[in-house]
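Please read the structure below before turning to the comments.
We name chains A, B, ... by the order of the sequence lines, and we start the count at 1 in each one. These numbers come from a predicted model, not from an experiment.
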2 protein chains.
Amino acid sequence: MTSNLAPDNTLVQPLLTDLYQISMAYAYWKADKINDHAVFDLFFRKNPFGGEFTFFAGLEQCIKFLASFHYTDSDINYLRETMPKCTDEEFFIFLKSVTAKDISLYAIEEGTVVFPRVPLMRIEGPLIVVQLLETTFLTLVNFASLMTTNAVRYRMAAGDKISLMEFGLRRAQGPDGGLSASKYSYIGGFNGTSNVLAGKMFNIPVKGTHAHAFINSFTGFEELKSKMLKRYDSSESEDLLAKSIEWRKKIAPLLKCSVDQASDGELAALISFAIAFPQNFVALIDTYDVSRSGLLNFSAVALALNDLGYKAMGIRIDSGDLAYLSEIARKLFIRIADDFSVPWFADLMIVASNDINEETIWSLNEQNHKINCFGIGTNLVTCQKQPALGCVYKLVELNKSPRVKLSQDANKMTMPGRKDVYRLYGSDGYALCDLLQRSCEPPPEVLTRVLCRHPVNPVKRAHATPSKVESLLKLFWKDGCVCMPHEDWASIEVIRNRVRSSLLTLRQDHKRNLNPTPYKVSVSDNLFGYINDLWMQNAPIGDLS
Amino acid sequence: MTSNLAPDNTLVQPLLTDLYQISMAYAYWKADKINDHAVFDLFFRKNPFGGEFTFFAGLEQCIKFLASFHYTDSDINYLRETMPKCTDEEFFIFLKSVTAKDISLYAIEEGTVVFPRVPLMRIEGPLIVVQLLETTFLTLVNFASLMTTNAVRYRMAAGDKISLMEFGLRRAQGPDGGLSASKYSYIGGFNGTSNVLAGKMFNIPVKGTHAHAFINSFTGFEELKSKMLKRYDSSESEDLLAKSIEWRKKIAPLLKCSVDQASDGELAALISFAIAFPQNFVALIDTYDVSRSGLLNFSAVALALNDLGYKAMGIRIDSGDLAYLSEIARKLFIRIADDFSVPWFADLMIVASNDINEETIWSLNEQNHKINCFGIGTNLVTCQKQPALGCVYKLVELNKSPRVKLSQDANKMTMPGRKDVYRLYGSDGYALCDLLQRSCEPPPEVLTRVLCRHPVNPVKRAHATPSKVESLLKLFWKDGCVCMPHEDWASIEVIRNRVRSSLLTLRQDHKRNLNPTPYKVSVSDNLFGYINDLWMQNAPIGDLS
């Protein structure tokens, strides 16, 4: 095992689990079930955010967890103190020897679009060991998949031309809530993050300008200790302050405001920032007043920079009516481009970043905003619309015999048996449905009619004649080794591209924002009979009394 | 610095920040602001969850972060690659020398009840360094405070007699979303967690029984390889299966059901679990059917255990109508206690755990449930009702001169200047209001009338004559050292007790669930004039056109 198989986060370790997993392991051990062979499915029951799709993510972290899975002496000592006094000492010796070498992990490729009740992962091996993985796997998959799905939804709302930046670290649910948000929003289609550690750890683009505090740290020109900037094309320095003040006078009439309404402290701050970042100048313009101060000061500095051979990048607006302010800004930039013959000014970047969520973006679209980039924090990274995905991990087969969990709640019943999953595609390239079969059945064949049944309702049936059949569950881990080329499961870029191409296979009506059509997850005729027989056999008959 | 000053999480490091903090640091450095002295306030603007109070948490982690604050060579190398090519090399040399030794950190004690606009932390020192701490501090305080507040609300809903367990790791927002949830829900008044790593790291109680998979792993008696259990008081073993089957026959009539409706697989599983945990037997009873199978099988095993000298602990119900099922269970336990002279049976623990939130608890209370313990996951740990707290970090003073941030949004304006915070208490021991003053003002005195003004509305004024005055902001870090006894800021138990005692100082009308009264946060007359003058000076006058 190479060092790049270590989990990203040192907290991802075998004790990151629920005590009852370990209690169960002990009870299995005590009951002499040490050689029992189990099959567990990991799946969810409902798509998040009121949508009809989900993106599977977190697999890479699960594989890394498997690769490093073992209990340290310190873990064992802690468990010895924590479990009941009468716990057999032999159990701890057994636990010390546990690794993932006898585990087989089948999974859908990370970044694939997935649907309720489809096993995202099928974990096979010694009952005790498979059981011990439950909580950690769920922790690693649930938030990663939720976050990726959320990011995809934001991308769909914003369209392909808008740049999306994740700005949420400060509001995230803890440090790796923030890091996971950066990573999985990039995977889901964001362009980058403001989170520096995420950039370093995952090699994703990091962007950022400045905050209001920077503007507030200047009150006037007298605080500008340095105002000279070298020209881009020579070593000659010029006075950026003097030039900016000149430009401010020229532009004020375009904004129908007077120079004395604009904050000198703000201008000083922007000049100072431009001197530090002459080629990457992005200015926050709402510290005092966007239209009477920020826009004027920014444009003045940007034009002064232009005199010295530099192109400013743009502005950020962090409060107020974003559609309206972006329109004012764009109009001014176009006017300046025309009036002063600086054509690139018309295309300056306008970043908006105040408490944006999916609905805000749809609404801004309707108002015909002029924003090029959204910086999105809180609502993205905490998945405010639905902060948890409900993946579960269920025993479906033990020693080759199917296991079924019934429940007071019908939708909590599980589909017993070892199953395979096939995605059937139509001739237009879109996915038609997912088909679950018993593993003992032959796979469906291309251009051959197959009966797809609703898992519960016997009346709901459909025939499909797929143009393409894809077997979704692939073997990722066996005999203590990863069975896939490293890049396929561990490259963020590969996974990110998979999200994009997988989304393209989904028909528009499944993706639309309002009342999307559910995607069909069906079972083979054989599996239908098998499941329903087992449900009937195991459910007690009630008494009406 | 001792090793116990390391952050809990290795991800808590200086690069866990937004790039724009580092961009600003560079611009400050470039503008020769290296000796500027800044004061920043960390505060929030609105209480979460529709309530009128918040609990401050995360301070211990901030202090540990300060103690370890420095950039490694690897960090510097990454920043060198990431920042614009023209960034001065000298800056990186400067950055390498940065530590928190010149920072002073004043804060409210962790675990104190706090309110909007009150500085929870006041951070003073070199502008560049204070700025570099922003995002990490916010990340550490926001979720910790939100989570603690959420836990307090669940505790208030459940009352003091109910045991509350945090079960949310699998649905948390990443591994330390889960760990933080365990830690801060314990601080907020929970009794423990199922998260083993949290137990190990924070020394908090860990509990757990088993999941449905354990029940499903047995289909009948023939799978019970071992059915013998030693008596508690001797080394003699008895057949727990035979005894349980006997008891099941005797109890079935009490439940008006027949033995053949109960699952033999479930009974086998419970016997197996009881053999592993004879002194800690808690059984999940909803795998098949609570009233026709689970309750019957549990009671049979519990009575068999009783024959051998062991007392079972109780049951867990994870689906269905929790109030109704708990009532059926309690009735049965009382009936068994009477009929078979096992009085302790009446008090068996009933744990409920299906998707519980604050509202569910209020509703279960109305239905007069018979539950002793709630196991709470998703809704608690992700703070589903409001998944983020909006703490901000604002510059209020630079080089002894006040700084003010105006905004298009009135509620985003900041209160300028270095301020102190006093909590005034009435003669009944309840907190009357928080009073913010300029640091240059003398503190309010006990039994002396003080004018408390609304920060914005000039008409809203009140006199208070406090029986007790508490200065809330205390110095925790200065000159590179912690200035408080270790236990006061680093002991989870001390912080947990502080939450409880702090909550008692809050009047009931501020705490109630429906339409709570806002707690008053006021400013001194002097601060009122100071703030409003500064706001007026800095806000541009608009033109109606």
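In this structure, no portion of A/Thr136 lies under 4.5 Å from any heavy atom of chain B. Both the backbone and the side chain of B/Ser217 come within contact range of chain A, each with at least one heavy atom under 4.5 Å from a heavy atom of that chain. Heavy atoms closer than 4.5 Å to chain A are found nowhere in B/Thr193, neither backbone nor side chain. For B/Met147, no part sits under 4.5 Å from any heavy atom of chain A, backbone or side chain. With a 4.5 Å cut-off on non-hydrogen atoms, B/Phe91 does not touch chain A at all.
With values rounded to the nearest 0.5 angstrom, B/Ser263 atom OG is found 9.0 Å from B/Asn216 atom CG. Atoms OG1 and OH, from B/Thr414 and B/Tyr393 in turn, are 14.0 Å apart once rounded to the nearest 0.5 Å. With values rounded to the nearest 0.5 angstrom, B/Lys200 atom NZ is found 8.5 Å from A/Leu79 atom CG.
Geometric assessment of B/Lys33 against the ring of A/Phe214 yields a negative cation-pi assignment under the 6.0 Å and 45° thresholds.
Contact count against chain A (heavy-atom pairs under 4.5 Å) is highest for B/Asp18 among B/Leu224, B/Leu140, B/Asp36, B/Asp18. When the candidates A/Thr17, A/Thr10, A/Asn195 are compared by the number of heavy-atom contacts under 4.5 Å with chain B, A/Thr17 comes out ahead. In terms of heavy-atom pairs under 4.5 angstrom with chain A, the leader among B/Thr135, B/Val381, B/Leu398, B/Leu179 is B/Thr135.
Looking at heavy atoms from C-beta onward, B/Tyr26 lies in side-chain contact with B/Asp88 at the 4.5 angstrom threshold.
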